[in-house]
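Heads up: the structure comes next, in structure tokens.
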Amino acid sequence: MNFQKISDKAAIALSMLCVVHCLLFPVLLLLLPPLAGILALDDELFHKTLLFFVVPISVIALMMGYLYHRNHTMLLVGGVGLSLLILAAVLGHDVLGEYGEVVLTVIGSSFIAFSHIRTVSYTHLRAHETRHDLV
């Protein structure tokens, strides 16, 4: 159970990092125009690197949560979030436009974070119920 909690919390943190990055990156470009070219290259690398970690951690955590709770809804919500995040990375701003990519990434990351937050709360609730039954 510890590994599931750690992976859920890691997935939440990485998903929120995606949101923060997507929302703050445009502000950085406005504040630091001379660095726009360098930051743009790092932005693409940042997205791919984050995706490299988010997808496997989220899949493992979602599957472990599903096997423990049998909650189809959270598995579906997390899967939709992952799909949106992957779609945003694959299509990128060339197809979606800058705002489209940001919106898709923020929505996908929010779905992922929500599903993992709910899974953590289900785990906590179930552990509390189990302890209560033992007393």
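For Arg70 and Tyr68, the positive end is not near the middle of the six-membered ring at less than 6.0 Å and at most 45° from its axis.
Asp94 places none of its side-chain heavy atoms less than 4.5 Å from the side chain of Glu101. Residues Tyr66 and Leu62 fail the side-chain proximity criterion, which asks for heavy atoms closer than 4.5 Å.
In this structure, OG1 on Thr105 lies 9.5 Å from CD1 on Ile112, to the nearest 0.5 angstrom. The CD1 atom of Ile57 sits 11.0 Å away from the CG atom of Leu82 when rounded to the nearest 0.5 Å. Atom CZ of Phe114 is separated from atom OG of Ser15 by 13.0 Å, given to the nearest 0.5 angstrom. Distance check, rounded to the nearest 0.5 Å: CD1 of Ile12 to CD1 of Ile117 gives 4.5 Å. Between the CG atom of Leu91 and the CD1 atom of Ile86 there is a distance of 11.5 Å, given to the nearest 0.5 Å. Summarising the geometry, atom CG belonging to Leu76 is positioned 9.0 Å from atom CZ belonging to Phe111; distances are rounded to the nearest 0.5 Å.
Side-chain atoms of Ser58 do not come within 3.5 Å of backbone N or O of Val55 as any donor-acceptor pair.
Taking hydrophobic clusters as Ile, Leu, Val, Met, Phe, Trp and Tyr residues chained together by side-chain heavy-atom distances below 4.5 Å, Tyr99 does not share a cluster with Val19.
When all heavy atoms are compared, the tightest approach of Leu84 to Ile107 is CD1-CG2, 3.7 Å. A pairwise comparison of heavy atoms in Pro56 and Leu51 identifies CD-O, 4.1 Å as the closest pair. In this structure, Ser109 and Met16 approach most closely via the heavy-atom pair O-CE, 4.1 Å.
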Quiz prompt | side chain to side chain contact (heavy atoms under 4.5 Å, CB included) evaluation trace for His69 with Thr119 | solution = CA-CA 8 Å; His69 302 291; Thr119 301; 4.0 Å; yes
Quiz item: Yes or no on side chain to side chain contact (heavy atoms under 4.5 Å, CB included) for Asn71 and Tyr122, after CA distance, side-chain angles and deciding distance?
Solution: CA-CA 9 Å; Asn71 187 321; Tyr122 285 149; 2.7 Å; yes
Quiz item: When you look at Phe3 and Met64, which way does the side chain to side chain contact (heavy atoms under 4.5 Å, CB included) test go after all the steps?
Solution: CA-CA 9 Å; Phe3 183 72; Met64 289 177 67; 3.4 Å; yes
